[in-house]
Amino acid sequence: MATTDSILQGVNVLGPVQESQKKILTPQALAFLALLQRSFNPTRKALLERRKIRQAELDKGALPDFLPETKHIRENPTWKGAPPAPGLVDRRVEITGPTDRKMVVNALNSDVWTYMADFEDSSAPTWENMVNGQVNLYDAVRRQVDFKQGAKEYKLRTDRTLPTLIVRPRGWHLEEKHVTVDGEPMSASLFDFGLYFFHNAFEAVKRGTGPYFYLPKMESHLEARLWNDAFNLAQDYIGMARGTIRGTVLIETILAAFEMDEIIYELRDHSSGLNCGRWDYIFSVIKKFRQNSNFVLPDRSCVTMTVPFMDAYVKLLIQTCHKRGVHAMGGMAAQIPIKDDPAANEKAMDGVRADKLREVRAGHDGTWVAHPALASIATEVFNKHMPTPNQLFVRREDVRIGQNDLLNMNVPGQITEAGIRKNLNIGLGYMEAWIRGVGCVPINYLMEDAATAEVSRSQLWQWVRHGVTTAEGKRVDKGYALKLLKEQTQELAAKAPKGNKFQLAAQYFSGQVTGEDYADFLTSLLYNEITCAGSPRPASKL
């Protein structure tokens, strides 16, 4: 086997490394990252090119369907995913959030079953955020994450078993520009996965759980296959039994919805189920069919989980997961308690309760919350209607979902100026915070992340592109969109502290709402604003 020094030839770190981060960015860990990158980056890039080819087909009017070449996998009832792993049998309430130290402590102290520590949509991927997040999770796995901030102490509770930790790395499309291997930026997915796995896999198993992951933004079963290959190499490399890793896949693209069986099949020895990533899913529908006027949707508030295409997606996900013996996880409750308005707060919490009731009755095995205060509501609903650890026995054999159901855009509602302004506010508010290095933002008592910002800008692009008319009778064109953008930018900037980034956010946003240019992802568009890559230093000399 090659030595660490020989593997590190051609590996450079372009970000500063603080003393506290050296236990993460060790020569051995960086050598492991280099092996992952050299083994899988060529395939990753080829799969991203495949996405572009698929998009070109959709732009010409093609519609996705279930793959004929994998029909034998879908129709074979005998194969199953992996059995639930330790700490993942009961997942009725999961809390999600970024990996800053305060969030890690608060999430692990919440009355939930698992905590998804997020390097993706709720984190802005500054070098400091990404590496410090790894430090925080390293310490959390070892129960050494307590800290003091001013006069306040943050300590892990000791009166109960802590929630199972699940880590969400960044998606296949993103890069980590602060580490290069053979002159190319590191895959952000492999960077996040590799560092967490290398340092914490054995420690997590020793403590009764394991190295568990949420896998985002996939568009095909071939991308799941790549994750499975990475999992196998990683386990072999450190001498861990294959099948120890578990990955829950977020079905948050319309193309993945047609390949759910195949995605579980590719990951079957490592699969811990699928999750309904609702906001990204809506974003994906708009994005993939943005050139098709049959897919124009009304105001974001009208696109609920009960409209036909969302209802079909949920039913098919639950049926597919339970047929294969893996968990079918519900979506996010993004509400934040409204402390200064009891009536409004009660209405918001009633909405959360109704949403969770819909999920548990549909057959979901668990659900997501963004704020610890919502955990008790979700727990109450799931405890009442799911007395068992999960609902894997709810097979939903009554469900018959076909291509037309997943693509049924019969969504009641209108496009309004208020809806346009709301989208502008969410997009600007999120982008401004992201440029400042903050990845999840409370806006109007909802915790907004990259997914909701993507829905907002994609709807605006779509409405201008197809020249829709608002309920007020106004045609939505480039001039109208830019006029409202200017007004909302001025309003938000006037209310914000000095030194805010709203004008810069508006510069980026203006290119995304006119029905012309369309960036693949906002996070890719903005990444260079938060990148501080310095001079390359050989990884062996850190």
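None of the values given here were measured: they were computed from a predicted structure.
- Using a 4.0 Å cut-off between a side-chain N of Lys or Arg and a carboxylate O of Asp or Glu, Glu176 and Arg170 qualify as a salt bridge.
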Should Val104 and Tyr115 be marked as a side-chain contact (heavy atoms from CB on, under 4.5 Å) after you check the CA-CA gap, both sets of side-chain angles, and the distance that decides it?
CA-CA 8 Å; Val104 170; Tyr115 159 43; 3.6 Å; yes
Would Asp121 and Arg168 count as a salt bridge (Lys or Arg N to Asp or Glu O under 4.0 Å) if you check the C-alpha gap in whole Å, the side-chain angles of each, and the deciding distance to 0.1 Å?
CA-CA 9 Å; Asp121 271 5; Arg168 178 162 71 171; 5.1 Å; no
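- For the ring pair (Phe, Tyr, Trp, His ring centres under 6.0 Å) test, residues two or more places apart in sequence or in another chain that qualify with Phe193 are Phe197, Phe213, Trp227, Phe231.
- For Val314 against Cys276, the heavy-atom pair with the smallest separation is CG2-SG, 4.0 Å.
- Taking 4.5 Å as the limit, every side-chain heavy atom of Thr114 sits out of range of all side-chain heavy atoms of Tyr212.
- A donor-acceptor pair under 3.5 Å is formed between the side chain of Arg396 and the backbone N or O of Ala362.
- Among residues at least two apart or in separate chains, side-chain hydrogen bond (donor to acceptor under 3.5 Å, both in side chains) pairs with a member in residues 441-453 are Arg300-Glu448, Asp340-Tyr445, Glu448-Thr452.
- Looking at Thr367, its side chain does come within 3.5 Å of a backbone N or O of Gly331 through a donor-acceptor pair.
- A salt bridge links Arg157 with Asp111: the closest approach of a Lys/Arg side-chain nitrogen to an acidic carboxylate oxygen falls below 4.0 angstrom.
- Using a cutoff of 4.0 Å between basic side-chain nitrogens and carboxylate oxygens, Arg91 and Asp365 are not scored as salt-bridged.
- Not one N or O on the side chain of Lys356 forms a donor-acceptor pair closer than 3.5 Å with the backbone of Phe382.
- In this structure, the side chains of Lys323 and Asp261 come closer than 4.5 Å at one or more pairs of heavy atoms.
- Thr248 contributes no side-chain N or O that, together with a main-chain N or O of Leu274, makes up a donor-acceptor pair within less than 3.5 Å.
- Without hydrogens or angle criteria, Gln335 side chain to Ala370 main chain gives no donor-acceptor distance under 3.5 Å.
- Salt bridge status for Lys287 with Asp520: present, with a side-chain N to carboxylate O gap under 4.0 Å.
- For NZ of Lys80, the number of neighbouring non-hydrogen atoms (other residues, nucleotides, ligands) closer than 6.0 Å is greater than 12.
- Using a cutoff of 4.0 Å between basic side-chain nitrogens and carboxylate oxygens, Glu203 and Arg207 are scored as salt-bridged.
- With hydrogens and angles ignored, the 3.5 Å screen pairs no side-chain donor or acceptor of Glu184 with any backbone N or O of Gln37.
- Under the 4.0 Å criterion applied to side-chain N and carboxylate O atoms, Asp350 and Lys347 are not assigned as salt-bridge partners.
- Counting heavy atoms from C-beta outward, Met305 and Arg358 have side chains that approach closer than 4.5 Å.
- In this structure, Leu250 and Tyr281 have side chains that are not in contact, with every pair of non-hydrogen atoms separated by 4.5 Å or more.
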Would Met310 and Thr304 satisfy side-chain contact (heavy atoms from CB on, under 4.5 Å), going step by step from the backbone distance to the final call?
CA-CA 7 Å; Met310 295 299 285; Thr304 66; over 6 Å; no
Would Arg465 and Arg290 satisfy side-chain contact (heavy atoms from CB on, under 4.5 Å), going step by step from the backbone distance to the final call?
CA-CA 8 Å; Arg465 180 70 170 187; Arg290 62 184 182 270; over 6 Å; no
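- Of all heavy-atom pairs between Tyr214 and Pro169, the closest is O-CD, 3.1 Å.
- Judged by distance alone, the side chains of Asp118 and Ser122 do bring a donor and an acceptor atom under 3.5 Å apart.
- Side chains of Pro442 and Ile336 form a contact here, defined as non-hydrogen atoms less than 4.5 Å apart.
- A donor-acceptor contact shorter than 3.5 Å is absent between the side chain of Gln414 and the backbone of Pro298.
- Judged by distance alone, the side chain of Gln319 and the main-chain N or O of Val399 form a donor-acceptor pair under 3.5 Å.
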Does Arg44 form a side chain to side chain donor-acceptor pair (under 3.5 Å) with Asn41? I'd like the steps, not just the answer.
CA-CA 5 Å; Arg44 179 187 76 89; Asn41 198 49; 2.7 Å; yes
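- The shortest non-hydrogen separation linking Ile254 to Lys288 is CG2-CG, 3.8 Å.
- Summarising the geometry of Phe283 relative to Ala451, their closest heavy-atom pair is CB-O, 4.4 Å, with the distance given to 0.1 Å.
- Residues passing the ring pair (Phe, Tyr, Trp, His ring centres under 6.0 Å) test with Trp461, sequence neighbours excluded: Tyr518.
- Closest heavy-atom contact between Ile95 and Ser110: CD1-OG, 3.8 Å.
- Looking at Arg225 and Asp229, no side-chain N of the basic residue comes within less than 4.0 Å of a carboxylate O on the acidic one, giving no salt bridge.
- Cation-pi check for Arg268 over Tyr265 is met; the charged atom lies under 6.0 angstrom from the ring centroid and within 45 degrees of its normal.
- Considering only heavy atoms from C-beta on, Trp463 comes within 4.5 Å of Asp299 through its side chain.
- Between Leu165 and Asn200 there is no side-chain heavy-atom pair separated by less than 4.5 Å.
- Checked by atom type and distance alone, the side chain of Glu94 never pairs as donor or acceptor with a backbone atom of Trp368 at under 3.5 Å.
- His270 is listed as a side-chain neighbour of Gln235, based on a closest heavy-atom distance under 4.5 Å.
- Shown here is Glu57, whose CD atom has more than 12 heavy atoms of other residues, nucleotides or ligands within 6.0 Å.
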Taking it one step at a time, do Arg278 and Glu359 satisfy salt bridge (Lys or Arg N to Asp or Glu O under 4.0 Å)?
CA-CA 12 Å; Arg278 61 174 73 174; Glu359 289 183 328; 3.3 Å; yes
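- Side-chain atoms of His322 come within 3.5 Å of backbone N or O of Val394 as a donor-acceptor pair.
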